[in-house]
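Below: one structure, written as structure tokens.
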Amino acid sequence: MSRPTWARWVTRISLGIGIIALVLTIRDTGLVQIGTYFKRIGWGWIAVVILEIAITTLDATAIRAFLSPDHEKVGLGSALLSQLAGRAVNAVTPSGNLGEAVKVSVLVEHVSQSRAVATILLYNVVSFTIELVIVGAAALVMAAFLPLPAALRWVLLGGGAAVLALGVAIYALVRRGVLVSVARLAARIHLLSPERFARWEPRLRSVDDKMKLTEGARRRDRRLGIALVALSRLTSMTLSFLLLIAMGETLTIGLVASITVGSFFIYMASTLVPMGIGINESGYNTLFRVLGENPARGTALILARRVALILYAAIGLVLVTASETVRRARERQTTRAPVSPPIPVAASPV
């Protein structure tokens with residue numbers, strides 16, 4: 001299915017803005033400083049490779065756990081292919097929606113479409129919820145440990161509590177049936193016609209049921225998937241902080257909490273640009289300036305993480321074009337109309 005003209009123009013314009021921001025950030029930071037910090041990483045590049053492999057393996061194993069009770073039909077290799085290909089496509093497209101469809105396409109080779117959609121949707125919802133919990137907890141830590149004006153301290157306390165409450169609300173919405181609930185709300189405010197809602201409801205309910213453990217999924221597999229996603233996110237955070245330590249940054253509880261909160265909002269903005277080019281670099285540059293740290297370290301951190309992202313994108317795109325499984329899935333997508341609504345995507349900040 002070809003992308004509409006407006007989508008291609010959005011990609012080109014956002015990429016152009018990102019490249020300009022990248023050039024300005026590097027010019028402001030200085031290539032010499034960035035190169036100095038890259039050299040300081042040294043043997044840390046081995047840790048980058050090892051931890052990035054661990055993150056992808058954890059995510060793929062979590063996806064396989066969320067496939068329960070059909071997880072035996074999908075080997076770890078297929079789950080890894082799904083995660084690699086989807087992450088690669090997300091990396092080079094704005095908003096990160098297309099990669100989720102690629103993940104579903106790979107899984108559909110082994111399980112039903114409703115099971116595949118439910119699995120990837122559940123993985124994204126769990127990822128986003130865990131990230132909200134981490135950000136909310138980090139905001140509370142900032143309020144407790146940083147010397148802040150009283151007004152800002154109360155803002156952080158209120159914001160952290162609100163984010164944690166949002167995570168609980170998302171959990172409750174999944175138990176109630178997230179897709180049917182959203183579609184029903186859209187019908188009530190006349191964004192979705194009653195006829196279309198009635199036509200979609202059985203398929204949406206089938207996906208919701210598979211997310212709610214009412215279609216034979218084992219509770220222990222669901223818990224395992226949640227634990228693996230949480231471990232993946234914590235591993236990604238650990239990698240970023242290890243790189244900062246290698247560059248000479250002295251980490252404190254307040255600094256770690258501040259970077260955790262700031263990175264979430266930077267990532268949300270960066271999803272509008274393929275690979276977050278320019279937005280991540282300028283965002284971290286500004287964040288480190290505000291925190292009173294050397295901004296070159298923030299820029300170098302993102303560029304170091306981007307090296308691994310580019311490698312992933314290259315590997316994943318090769319798999320997308322060369323894998324027989326993915327090729328068959330893409331051919332099937334082009335020969336039949338989609339039968340499920342788009343999959344909401346959760347953010348995944350560094």
Side-chain angles (χ1 to χ4, degrees), residues 17-55 91 131 134-135 137-139 141-143 145-148 152 156 232-271 273-313 347-350:
I17 294 173
I19 291 174
I20 293 173
L22 176 61
V23 171
L24 293 176
T25 300
I26 292 178
R27 179 183 176 184
D28 179 65
T29 304
L31 285 173
V32 175
Q33 274 194 303
I34 294 174
T36 299
Y37 288 123
F38 263 51
K39 290 179 182 178
R40 288 186 183 180
I41 294 175
W43 291 99
W45 288 107
I46 297 177
V48 172
V49 174
I50 293 174
L51 291 180
E52 285 288 359
I53 292 174
I55 291 167
E131 286 153 9
I134 292 174
V135 171
V141 170
M142 288 177 64
F145 287 92
L146 292 180
L148 300 169
L152 182 56
L156 286 172
S232 170
R233 298 300 168 265
L234 293 175
T235 303
S236 181
M237 293 173 59
T238 300
L239 174 54
S240 294
F241 293 128
L242 286 177
L243 287 172
L244 286 174
I245 292 173
M247 294 178 197
E249 188 73 50
T250 301
L251 298 183
T252 63
I253 294 178
L255 180 60
V256 168
S258 300
I259 293 174
T260 300
V261 174
S263 66
F264 180 80
F265 295 101
I266 292 171
Y267 175 81
M268 295 295 289
S270 70
T271 57
V273 180
M275 297 182 71
I277 291 177
I279 307 302
N280 277 327
E281 287 82 0
S282 59
Y284 272 76
N285 186 286
T286 303
L287 174 62
F288 273 61
R289 286 183 187 276
V290 171
L291 296 175
E293 304 294 328
N294 189 334
R297 290 173 181 168
T299 304
L301 168 63
I302 290 301
L303 291 175
R305 293 300 301 263
R306 193 179 300 287
V307 170
L309 183 60
I310 291 173
L311 179 61
Y312 260 103
S348 298
V350 170

Q.
Using every non-hydrogen atom in the two residues, find where Tyr284 and Ser263 come nearest and quote the distance to one decimal.
A. OH-CB, 2.8 Å
Q) Does any non-hydrogen side-chain atom of Met237 lie less than 4.5 Å from one of Ile134? A) yes
(Q) What I'd like to find out is whether the side chain of Leu301 reaches to under 4.5 Å of the side chain of Glu249, using heavy atoms alone. (A) no
Q | Non-hydrogen side-chain atoms of Phe265 and Leu287 separated by less than 4.5 Å | A | no
Q: Work out which heavy atom in Met142 is nearest to a heavy atom in Gly254; give both atom names and the distance.
A: CG-O, 4.5 Å
Q.
Walk me through whether Leu51 and Leu242 qualify under side chain to side chain contact (heavy atoms under 4.5 Å, CB included).
A. CA-CA 11 Å; Leu51 291 180; Leu242 286 177; 4.0 Å; yes
Q) What distance separates Leu234 CG from Ile55 CD1, expressed to the nearest 0.5 Å? A) 10.5 Å
Q. Taking atom OG1 of Thr286 and atom CD1 of Ile266, what is their separation to the nearest 0.5 Å?
A. 7.5 Å
Q: Compare all side-chain heavy atoms of Ile259 with those of Leu291 and state whether any distance is below 4.5 angstrom.
A: yes
Q. Should we count CG of Leu251 as having more than 12 external heavy atoms under 6.0 Å?
A. yes
Q) What distance do Ile50 atom CD1 and Thr235 atom OG1 have between them, rounded to the nearest 0.5 Å? A) 12.5 Å
Q) Looking only at heavy atoms, what is the nearest atom pair of Ala300 and Met247, with distance? A) C-CE, 3.7 Å
Q. Taking the side chain as C-beta and beyond, is there a heavy-atom pair between Val141 and Thr260 under 4.5 Å?
A. no
Q: Might you point out which heavy atoms bring Phe145 and Ile253 nearest each other, and give the distance in Å?
A: CD1-CG2, 4.1 Å
Q.
I need the minimum non-hydrogen distance between Ala257 and Ala138, along with the two atoms involved.
A. CB-O, 3.5 Å
